[in-house]
There are 2 protein chains.
Amino acid sequence: MYRDAPLKIIGSNAERTRLHNRKVVLGHLRSQGKLGRAELARLTGLSTQAMSNIIAELEGEGLILAGERQTKGRGLPAVQYTVNPQGAVALGIEVRPNAILCALVNFLGDTLYTKRTDLESSEPAVVLPVVKAACDEALSSFGEHVPPVLGAGIVMPGPFGRVGLSGTGKAELVGWDDQDPHALFEEALQMPVRVENDATAAAIAEQTTGSATELQSFCFVYFGTGLGLGVISNGEILHGAFGNAGELGHVVVERGGRLCSCGNRGCLETYTSRMAVSEYLQGRGKSAESQKDLSDLLAANDPDLDAWISEAAGPLAQAIGTLENLFDPEAIILGGAMPPELLEQLIERLDLFEATVSVREDRKLPRVVRGTSGWMTAALGAAALIIHDTYIPSISKVA
Amino acid sequence: MYRDAPLKIIGSNAERTRLHNRKVVLGHLRSQGKLGRAELARLTGLSTQAMSNIIAELEGEGLILAGERQTKGRGLPAVQYTVNPQGAVALGIEVRPNAILCALVNFLGDTLYTKRTDLESSEPAVVLPVVKAACDEALSSFGEHVPPVLGAGIVMPGPFGRVGLSGTGKAELVGWDDQDPHALFEEALQMPVRVENDATAAAIAEQTTGSATELQSFCFVYFGTGLGLGVISNGEILHGAFGNAGELGHVVVERGGRLCSCGNRGCLETYTSRMAVSEYLQGRGKSAESQKDLSDLLAANDPDLDAWISEAAGPLAQAIGTLENLFDPEAIILGGAMPPELLEQLIERLDLFEATVSVREDRKLPRVVRGTSGWMTAALGAAALIIHDTYIPSISKVA
DNA sequence: TTGAATATTCAAGTGTTTTGAATTAATGGA
DNA sequence: TCCATTAATTCAAAACACTTGAATATTCAA
């Protein structure tokens, strides 16, 4: 996430070629479910012989499973291969100021285990050992036969580094500003590590196991402490130069509007966010600290909550128009720490702009859909990042 | 630009590896200027032997030039290689409703030739032969010894396909809505073709020959007929799902603001665009149709133009805040069809937000800088796209 | 029953990179 | 001035992964 030197693109060789091709094969197997060698060869543009070699290697490592031969018209029926869900695991950690959430997922990104551990302090010296212990515990249930651990995804509240928005959010971690989380976690955990913000991780989770498995380009609006945005465009994650892309909460939707903790006026998250709804209800004598509070109020048809939803839909619709015009996504997904029914209510009341590049006759999906919600989203997303990396090749760059 | 089936990522082999490595080598040579084989090997992570082979091949094709041996401390001085500017050329075409602009650039993206040709109509059947003839003429000056032509970049006014914004702009091409420009141009020109929108092309031009040669992540705000945005993030072009990303002009900056031709209210381009300034001045009895008109008014310290700039700076600053928070770029560049002095005035008067992720202590560049301006920007950018592709490797995907 | 179609394997060949030793040319210290 | 050291480059052989073409297995259709 931290970068001083410009990225250097590095060369390829036979070994890296094989690595690339393995990912390509796994990617196709994951998205298609079941495929034979010959069909994989056609899909990837490789020879059947090359495919046989790659398949043999992956099967030997237990990452894929050979199934029945399947008859499809004439000719020798093809042996169908599938991804082995038990072939490998990945860890996901969400670091919050007062706790860490640890998740373990299988090779398809399905949840195997989750656990929350409280933190005394958010200093690196405290957090790192706790995270290490949590990871060990997560893997301990396997006993002797731990599957290959692909790595650990780490989600930390952004923004990364000292920037103009620093120090304005409640969720910020003290003691991390001048640290390199990637290096620290890789050192502590002794495995490959990826650090991302919560919204990006949630977006990847959505693509891995959620409602966006078919999507190559989408925006994930993430209700966390603030309001984040994860962007996947043509299959690639949008990071921005310093890993801080997607600060949707501080996009201004109303000039001279409500005063935000960041000092600006009219930021989206003063209208549409967990914080906004909590404050709104608190001002009316109601508590909405937990997701359950909100669920209950919604179930009871609370008029104040209802009013808030209507009020929040306007600014959100405007922001969605902005996202559509700037990112041209296949769809926009709403998820995170809001009750699913509330998100659906919100989507229902959106008065979307009629004139954006996303208004197309040939749309297959609605412009805005509901995604996965819940407080574990980010930790699962962190693990999904690691899974993602083993299915999607990328150009190798080095700092 | 058009895409029905999901993108399929394809496998690699020795041949594609060489292609990748050639690009990596050319990319480093371009950005560093002069390098020896051994240093290139270190930069790319390849062996010196592999580098020798690649260098020999590139030199044999005339794409790079061997220079003097250069002494750097002990040891055999390294032969310094540079990109050969005359090694290859690329064509760029901007298609407008009433004319095409044709540009020819050398292997470094420097302009060799430009020409405008009027169009009777913007129908494909009329445009394609005119473009073909323009390309032939551009290359005719070489006589017998035409350098390798890498391809042609085509810039067309977006948005592509029939979308909600279609039919609202003045610049739209009639007769192209249901066509596949890429296939049509490739057929007509018999060479590799890339189709992009004007802002993206301008952004690539800026990175190739303009003020952004060092930047990996930036936003290019392009003053064309409307207001476009080209985004390069970590070296990769942001297209969006349908090639329509970057519709900055229709981002709403003021709820219930001025009525835009798209039907919405408060679109940025009703405040800050060529169109906006023209209308503003026209309303005050002054003409500002051409870039020269604007230059003259500016030179004469025209109070109306001055007032417009101040008025336009507000909405633009807000949009820039949005771009900073959503894309986290290294810088934002303003360019296109506005006089350079006007862009500088505009930048000077921007009252940028103090709280965005782009406010960093360690900034090397100002948050907003002026880029290349002028009416040829898009055509040169189109050619730069082709140049870009020969220096930057990418994951091969197929529709 | 036979021939066409399809998947897969076998064996050899090709392209590109890697490895290790040899060569060339400059520096720095004796 | 000479020689060991350092660094770039080349040479020759080996390694790696993919491709090609022929052979084999299995199914469908005539």
Side-chain angles (χ1 to χ4, degrees), chain A residues 9-26 28-29 32 34-61 64-82 393 396, chain B residues 9-26 28-29 32 34-61 64-82 393 396:
Chain A
I9 298 176
I10 68 178
S12 184
N13 56 22
E15 197 182 329
R16 291 188 263 241
T17 295
R18 170 54 72 90
L19 217 65
H20 170 97
N21 289 345
R22 283 168 57 108
K23 291 188 183 195
V24 173
V25 170
L26 287 172
H28 280 102
L29 278 179
Q32 307 282 326
K34 267 185 172 183
L35 291 169
R37 289 184 183 85
E39 190 161 11
L40 276 165
R42 279 190 297 269
L43 285 170
T44 57
L46 296 174
S47 64
T48 56
Q49 185 56 56
M51 193 49 59
S52 265
N53 297 338
I54 294 165
I55 290 287
E57 187 178 281
L58 292 172
E59 192 182 1
E61 294 173 26
I64 62 174
L65 297 172
E68 301 288 291
R69 293 195 109 98
Q70 189 165 319
T71 300
K72 275 181 190 163
R74 274 189 192 183
L76 179 59
V79 177
Q80 299 300 112
Y81 288 90
T82 51
S396 304
Chain B
I9 299 175
I10 68 177
S12 184
N13 57 21
E15 197 181 330
R16 287 182 263 226
T17 295
R18 170 55 72 90
L19 219 65
H20 171 96
N21 288 346
R22 283 169 57 110
K23 290 187 184 194
V24 173
V25 171
L26 288 172
H28 280 101
L29 279 178
Q32 307 282 327
K34 265 184 174 185
L35 290 169
R37 289 184 184 83
E39 190 161 11
L40 275 165
R42 281 190 296 271
L43 285 170
T44 57
L46 297 174
S47 65
T48 56
Q49 185 55 58
M51 193 50 59
S52 265
N53 298 338
I54 295 166
I55 291 284
E57 186 178 279
L58 292 172
E59 193 181 0
E61 294 173 25
I64 62 174
L65 298 171
E68 300 287 292
R69 292 196 109 98
Q70 189 166 320
T71 301
K72 275 183 190 164
R74 280 190 187 182
L76 179 59
V79 177
Q80 299 299 115
Y81 288 89
T82 52
S396 306

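On a predicted model such as this, the values are computed, not experimentally measured, just so you know. So that the names make sense, note that chain A is the first sequence line, chain B the second, and so on, each numbered from 1.
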*Counting only N and O atoms by type, is there a donor-acceptor contact under 3.5 Å from the side chain of A:His20 to the main-chain atoms of B:Ile10?*
yes
*Could you tell me the separation between the CG atom of B:Leu76 and the C1' atom of D:dA7, rounded to a whole number of Å?*
7 Å
*Whole angstrom value for the distance that separates C1' of D:dA8 from CZ of B:Arg69*: 7 Å
_Heavy atoms only, 4.0 Å cut-off, all strands: where does A:Thr71 land among base, sugar-phosphate and nothing?_
sugar-phosphate
*Write down the distance between CG (B:Leu46) and P (D:dT9), rounded to a whole number of angstrom.*
15 Å
*Would you kindly give the NZ-to-P distance between B:Lys72 and D:dT9, to the nearest whole Å?*
10 Å
*Would you give the length of the straight line joining atom CD of B:Gln80 to atom CG of B:Leu29, rounded to the nearest 0.5 angstrom?*
9.5 Å
*asked:* Tell me the closest heavy-atom pair linking B:Thr17 and A:Ser12, and the distance in Å.
replied: CG2-O, 3.5 Å
_With the threshold set at under 4.0 Å for non-hydrogen atoms, list the residues of residues 10-19 of chain A touching DNA chain C in residue-number order._
A:Ser12, A:Asn13
*asked:* Need two values: the first and the last nucleotide of DNA chain C, 5' to 3', having an atom under 4.0 Å from any heavy-atom of chain B.
replied: C:dT16 to C:dG28
*A:Ser52 vs B:Ser47, nearer the 5' end of DNA chain C by closest nucleotide*: A:Ser52
*Send over the distance from B:Ile54 CD1 to D:dT10 P, rounded to a whole Å.*
13 Å
*Position toward the 5' end of DNA chain D (nearest nucleotide), B:Arg74 or A:Gln49*: B:Arg74
*Interatomic spacing from CD in B:Glu57 to CD1 in B:Ile55 - rounded to 0.5 Å*: 10.5 Å
_Rounded to whole Å, please give me the gap between CG in A:Asn53 and C1' in D:dA15._
15 Å
*asked:* If I take atom CG from residue B:Leu35 and atom CD from residue B:Gln70, how far apart are they, to the nearest 0.5 angstrom?
replied: 10.0 Å
*asked:* So if I apply the side-chain contact (heavy atoms from CB on, under 4.5 Å) rule between B:Val25 and each of B:Ile64, B:Leu43, B:Leu58, which one comes out positive?
replied: B:Leu58
*Distance (rounded to the nearest 0.5 Å) between A:Ile9 CD1 and B:Thr44 OG1*: 11.5 Å
*asked:* Using a 3.5 Å distance criterion without hydrogens, assess whether the side chain of B:Arg37 forms a donor-acceptor pair with backbone atoms of B:Met51.
replied: no
*With a cut-off of 6.0 Å (strictly less than), are more than 12 heavy atoms of other residues, nucleotides or ligands near CD of B:Glu15?*
no
*Taking atom P of D:dA8 as reference, at what distance in whole Å does atom OH of B:Tyr81 sit?*
14 Å
*Could you check how far CZ of A:Arg22 sits from P of D:dA17, rounded to whole Å?*
10 Å
*NA contact type, A:Ala50, heavy-atom cut-off 4.0 Å: base, sugar-phosphate, or nothing?*
base
